[in-house]
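As structure tokens, the structure follows; a few thoughts come after it.
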Amino acid sequence: RDGFVPYPSEDGRFEIDGGSAPTQIAAIAPGFALQTTNLNQDGIEPDNLLIALEPAYELTVTTVDEQDNPISGAAVSISPDIVIGSDDEESNTAQIWTTDEHGYAVIDDLAVSPESVTARHSDYVSCQMGLDRNPPSRALAATIVMRKGVNVTGTVRFGVNPLSGAYVR
């Protein structure tokens with residue numbers, strides 16, 4: 001939890017040296033969502049601040065083909081991808097979850113509500129979809145319908161001559 005200071009007290013109390021005059025305080029804990037409090041907001045008492053945490057978010061992703069058959073082995077990623085229980089939650093490395101034999105991937109302990117989900121599979125066209133966050137919910141679900149990929153063959157040429165050593169993506 002890069003940038004967070006652990007406060008392992010039994011009563012949940014914390015103290016932050018205000019020498020740098022913080023403008024906001026953020027709290028996070030396993031199983032709970034990130035909560036940020038603006039200290040410049042009216043009614044905030046910095047000497048007795050109460051930060052009320054809410055349960056973490058959970059996203060269930062289902063991947064199916066166009067005939068509604070489950071797609072197992074799809075690589076699922078989310079944005080943003082801050083997962084509370086992860087030691088590398090502040091890294092730029094995207095986390096990947098893999099769908100099971102029923103096409104499901106459950107992503108839990110999410111610190112923030114994800115904005116989008118992407119599914120990739122070698123036999124299908126990659127698909128990204130935005131998530132509706134209204135009304136707000138802690139338990140989110142997304143069904144991604146993936147189209148079968150096409151096999152493309154061809155020749156790279158320079159003029160009328162085939163060109164060897166070219167790269168295609």
*Got a second to check how far Leu163's CG is from Arg157's CZ, nearest 0.5 Å?*
11.0 Å
Determine all donor-acceptor pairs shorter than 3.5 Å in which one atom belongs to a side chain in residues 120-130; sequence neighbours excluded.
unit_1: His121; atom_1: ND1; unit_2: Asp123; atom_2: N; d: 3.1
unit_1: His121; atom_1: NE2; unit_2: Ser72; atom_2: O; d: 3.2
unit_1: Gln128; atom_1: NE2; unit_2: Ser116; atom_2: OG; d: 3.2

*side-chain hydrogen bond (donor to acceptor under 3.5 Å, both in side chains): pairs with one or both residues in residues 28-39, sequence neighbours excluded*: none
*Atom OG1 of Thr60 and atom CG of Asp108: how far apart are they, to the nearest 0.5 Å?*
9.0 Å
*Name all pairs fulfilling the ring pair (Phe, Tyr, Trp, His ring centres under 6.0 Å) condition that reach into residues 126-153, sequence neighbours left out, sorted by first residue then second.*
none
_By salt bridge (Lys or Arg N to Asp or Glu O under 4.0 Å) - contacts of Glu58 (at least two apart)_ = none
*List, by chain and then residue number, the residues other than Val160 in its hydrophobic cluster (Ile/Leu/Val/Met/Phe/Trp/Tyr, side-chain heavy atoms under 4.5 Å); write none if there are no others.*
none
*Going by the side-chain hydrogen bond (donor to acceptor under 3.5 Å, both in side chains) test, which pairs reach into residues 135-153, not counting sequence neighbours?*
Tyr57-Arg138
*Minimum heavy-atom distance Ser113-Leu140, with the two atoms named*: OG-CD1, 3.7 Å
*Output all residues satisfying side-chain contact (heavy atoms from CB on, under 4.5 Å) with Asn48, sequence neighbours left out; order by chain, then residue number.*
Arg13, Glu45
_For Leu131, give me all partners under side-chain contact (heavy atoms from CB on, under 4.5 Å), at least two apart in sequence or on another chain._
Leu59, Pro114, Val117, Ala142
*Verify the cluster assignment for Ile96 and Ile144: are they in a single hydrophobic cluster under the rule of side-chain heavy atoms below 4.5 Å apart?*
no
*Excluding sequence neighbours, so at least two apart, what forms side chain to side chain donor-acceptor pair (under 3.5 Å) with Asn69?*
Asp65
*Quick one: list whatever passes side-chain contact (heavy atoms from CB on, under 4.5 Å) with Asp132, sequence neighbours left out.*
Asn134
Kindly list each side-chain donor-acceptor pair under 3.5 angstrom involving residues 98-107, sequence neighbours excluded, with atom names and distances?
unit_1: Thr99; atom_1: OG1; unit_2: Ile71; atom_2: O; d: 2.9
unit_1: Thr99; atom_1: OG1; unit_2: Gly73; atom_2: N; d: 3.1
unit_1: Thr99; atom_1: OG1; unit_2: Ala74; atom_2: N; d: 2.9
unit_1: Asp100; atom_1: OD1; unit_2: His102; atom_2: N; d: 2.8
unit_1: Asp100; atom_1: OD1; unit_2: Gly103; atom_2: N; d: 3.2
unit_1: Asp100; atom_1: OD1; unit_2: Tyr104; atom_2: N; d: 3.0

*Apart from Val150 itself, what residues make up its hydrophobic cluster, given side-chain heavy atom links below 4.5 Å?*
Val152
*Is the shortest heavy-atom distance from the side chain of Ile51 to the side chain of Phe14 under 4.5 Å?*
yes
*asked:* Any heavy-atom pair between the side chains of Ile78 and Leu110 that's under 4.5 Å?
replied: yes
*Following the transitive rule for hydrophobic clusters with a side-chain heavy-atom cut-off under 4.5 Å over Ile, Leu, Val, Met, Phe, Trp and Tyr, establish whether Val61 and Val145 coincide in one cluster.*
no
